[in-house]
Amino acid sequence: MKIAIMGAMVEEIEPLLEYFKEYEIVDYADNRYYFAKYKDLELIIAYSKIGKVFAALTAATMIERFKATKLLFSGVAGAISSDLKIGDLIVATKLAQHDLDITAFGHPFGYVPEGKVFIESDKELLDISKKVANSKGIYLKEGVIATGDQFVNSSEKKEWIQKTFHADALEMEGASVAVVCDALDIPFFILRSISDSADMDAGFDFEEFLKSSSKKSASFLISMLDEIATA
Ligand code: SAH
């Protein structure tokens with residue numbers, strides 16, 4: 001099985017690269033792809049760079065050019081839900097683009113004709129994540145993730161996103177990856193560990209917790225790979 005694993009920033013995939021150790025490297029379309037073998041799995045690992053466009057390009061490349069059959073995302077996010085503290089893990093049940101706005105034509109936020117406001121994650125991968133969380137006694141929140149090309153560091157904006165999309169966390173890539181995987185019929189899974197609370201302290205918290213939260217997300221993802229490999 002060929003599994004794509006992506007992050008947005010180098011810090012998000014570094015713990016994975018350290019864990020799997022040996023790679024073949026392919027440079028393509030202004031990005032670097034790391035190929036590794038783990039148990040009976042073939043892995044393709046890359047970070048996309050920040051934001052929806054880069055994330056969509058990397059996801060599509062991993063699927064179309066490198067033939068990944070599942071895609072797992074590991075990274076950090078800003079918390080919206082008060083259930084989520086820095087370092088906690090959230091997996092997206094569904095994702096929306098909070099900055100997609102043609103409401104001038106009477107459409108809801110996050111919607112364009114022939115698109116969907118919410119894209120749902122793969123049920124099997126969600127089940128695997130629950131199994132891993134239960135067996136390891138790890139708190140894993142399931143919830144809605146909202147994505148936009150903006151670092152949110154304002155309580156007002158965060159509340160608007162909460163009200164409009166009932167989102168529990170926000171970040172800058174997940175929903176674009178979801179759109180690509182949904183269109184290409186590839187099961188996907190978006191995992192994030194909280195780095196900040198998307199409020200006025202977000203910039204500071206993000207810098208402080210990027211590495212530790214990235215590690216938590218990556219280490220959970222590795223446990224999921226163990227589960228996928230033995231299934
Ligand atoms: N400090 C970085 C920029 C980080 S942007 C630099 O200067 O290069 C934030 C990244 O973490 C994005 O990839 C996004 O997906 C995630 N993220 C974490 N907290 C976020 C928040 N409050 N708002 C938006 N994205 C957030």
> With I190, which of L95, T93, T147, L72 fulfils side chain to side chain contact (heavy atoms under 4.5 Å, CB included)?
Replying inline: L95
> What are the two closest non-hydrogen atoms of L57 and A29, and how far apart are they?
Replying inline: CD2-O, 4.3 Å
> Got a second to check how far L43's CG is from L41's CG, nearest 0.5 Å?
Replying inline: 6.0 Å
>> Has K123 got a side-chain atom pairing as donor or acceptor with E120's backbone, closer than 3.5 angstrom?
In response: no
>> Counting C-beta onward and ignoring hydrogens, is there a side-chain heavy-atom pair between M1 and K70 closer than 4.5 Å?
In response: yes
> Is the CG atom of D185 crowded by more than 12 outside heavy atoms at less than 6.0 Å?
Replying inline: no
>> Can you give me the closest heavy-atom contact between Y111 and I102, atom names plus distance?
In response: O-CG1, 3.4 Å
>> I'd like to know whether NZ of K39 has more than 12 heavy-atom contacts from other residues, nucleotides or ligands below 6.0 angstrom.
In response: yes
> If only atom types and distance count, is the side chain of E159 paired as donor or acceptor with the main-chain N or O of Q162 below 3.5 Å?
Replying inline: no
> What are the two closest non-hydrogen atoms of Q97 and F165, and how far apart are they?
Replying inline: O-CZ, 3.9 Å
> Mind checking whether F66 and Y33 have parallel, tilted or perpendicular rings, split at 30° and 60°?
Replying inline: tilted
> So do the side chains of I3 and L225 get within less than 4.5 Å of each other, counting heavy atoms only?
Replying inline: yes
> Do E14 and M9 have side chains that get closer than 4.5 Å, going by heavy atoms?
Replying inline: no
> Can you tell if the side chain of M224 reaches within under 4.5 Å of the side chain of S129, non-hydrogen atoms only?
Replying inline: yes
> Got a sec: does the NZ of K158 have more than 12 other heavy atoms crowding it under 6.0 Å?
Replying inline: yes
>> Does D182 form a side chain to side chain contact (heavy atoms under 4.5 Å, CB included) with K116? I'd like the steps, not just the answer.
In response: CA-CA 10 Å; D182 186 52; K116 309 170 193 165; 2.6 Å; yes
> Between T230 and E227, is there a donor-acceptor pair closer than 3.5 Å when you use the side chain of the first and the backbone of the second?
Replying inline: yes
> With a 4.5 Å limit on heavy-atom distance, are the side chains of V132 and S223 in contact?
Replying inline: yes
> Between Y38 and F20, does the ring centroid distance fall short of 6.0 Å?
Replying inline: yes
> So if you build clusters from Ile, Leu, Val, Met, Phe, Trp, Tyr with side-chain heavy-atom gaps below 4.5 Å, do V10 and F73 land together?
Replying inline: no
> How would you list all residue pairs meeting ring pair (Phe, Tyr, Trp, His ring centres under 6.0 Å) that involve residues 168-209, not counting sequence neighbours?
Replying inline: F151-F206
> Once you round to the nearest 0.5 Å, how far does NE2 of H107 lie from CG of L100?
Replying inline: 10.5 Å
> If you look at every heavy atom in I63 and C181, which pair is closest and at what distance?
Replying inline: CD1-SG, 4.0 Å
>> Quick check for you: to the nearest 0.5 Å, what is the distance between T69 atom OG1 and L184 atom CG?
In response: 12.5 Å
>> Tell me whether F109 shares a hydrophobic cluster with I80, the cluster being built from Ile, Leu, Val, Met, Phe, Trp, Tyr side chains joined at under 4.5 Å.
In response: yes
> Just by distance, do the side chain of S154 and the backbone of K157 share a donor-acceptor pair under 3.5 Å?
Replying inline: yes
> Is there a chain of hydrophobic side chains (I, L, V, M, F, W, Y, each step under 4.5 Å between heavy atoms) that links L89 to L170?
Replying inline: no
> Is there a donor-acceptor pair closer than 3.5 Å between any side-chain N or O of S176 and the backbone N or O of E173?
Replying inline: yes
>> If you apply the rule side chain to side chain donor-acceptor pair (under 3.5 Å), what do you find for D199 with S197, and how did you get there?
In response: CA-CA 5 Å; D199 54 15; S197 297; 4.6 Å; no
> Should we say atom CG of D30 is surrounded by more than 12 heavy atoms from elsewhere, each under 6.0 Å from it?
Replying inline: no
> Is there a chain of hydrophobic side chains (I, L, V, M, F, W, Y, each step under 4.5 Å between heavy atoms) that links Y19 to I13?
Replying inline: yes
> Under 4.5 Å between any side-chain heavy atoms of I25 and F35, yes or no?
Replying inline: no
> Which value, rounded to the nearest 0.5 Å, describes the distance between I186 atom CD1 and K67 atom NZ?
Replying inline: 9.5 Å
>> Quick one: does any side-chain atom of R192 pair with a main-chain N or O of G75 as donor and acceptor, under 3.5 Å?
In response: no
>> I need the minimum non-hydrogen distance between A59 and V177, along with the two atoms involved.
In response: CB-CG1, 4.2 Å
> Does S213 use its side chain to pair, donor to acceptor, with the backbone of I194 at less than 3.5 Å?
Replying inline: yes
>> Would you say OH of Y47 has more than 12 non-hydrogen atoms from neighbouring residues, nucleotides or ligands within 6.0 angstrom?
In response: no
> Going through the distances and angles, do S217 and S74 end up as a side chain to side chain donor-acceptor pair (under 3.5 Å)?
Replying inline: CA-CA 6 Å; S217 179; S74 174; 2.7 Å; yes
> Are I145 and F220 co-members of a hydrophobic cluster defined by side-chain heavy atoms under 4.5 Å apart?
Replying inline: no
> Is the shortest heavy-atom distance from the side chain of M62 to the side chain of I5 under 4.5 Å?
Replying inline: no
> More than 12 non-hydrogen atoms from neighbouring residues, nucleotides or ligands closer than 6.0 Å to CD on Q150, yes or no?
Replying inline: yes
>> I'd like to know whether CZ of F118 has more than 12 heavy-atom contacts from other residues, nucleotides or ligands below 6.0 angstrom.
In response: yes
>> Please find the pair of heavy atoms, one from N31 and one from S48, that lie closest to each other, and give the distance.
In response: ND2-CA, 3.8 Å
>> Within the 4.5 Å heavy-atom criterion, are L140 and V91 side-chain neighbours or not?
In response: yes
> From T61 OG1 over to I44 CD1, what is the distance, rounded to the nearest 0.5 angstrom?
Replying inline: 10.5 Å
> Salt bridge or not for D88 and K141, using N-O below 4.0 Å?
Replying inline: no
>> For the backbone of D149 and the side chain of D99, can you confirm whether one donor and one acceptor N or O come within less than 3.5 Å of each other?
In response: yes
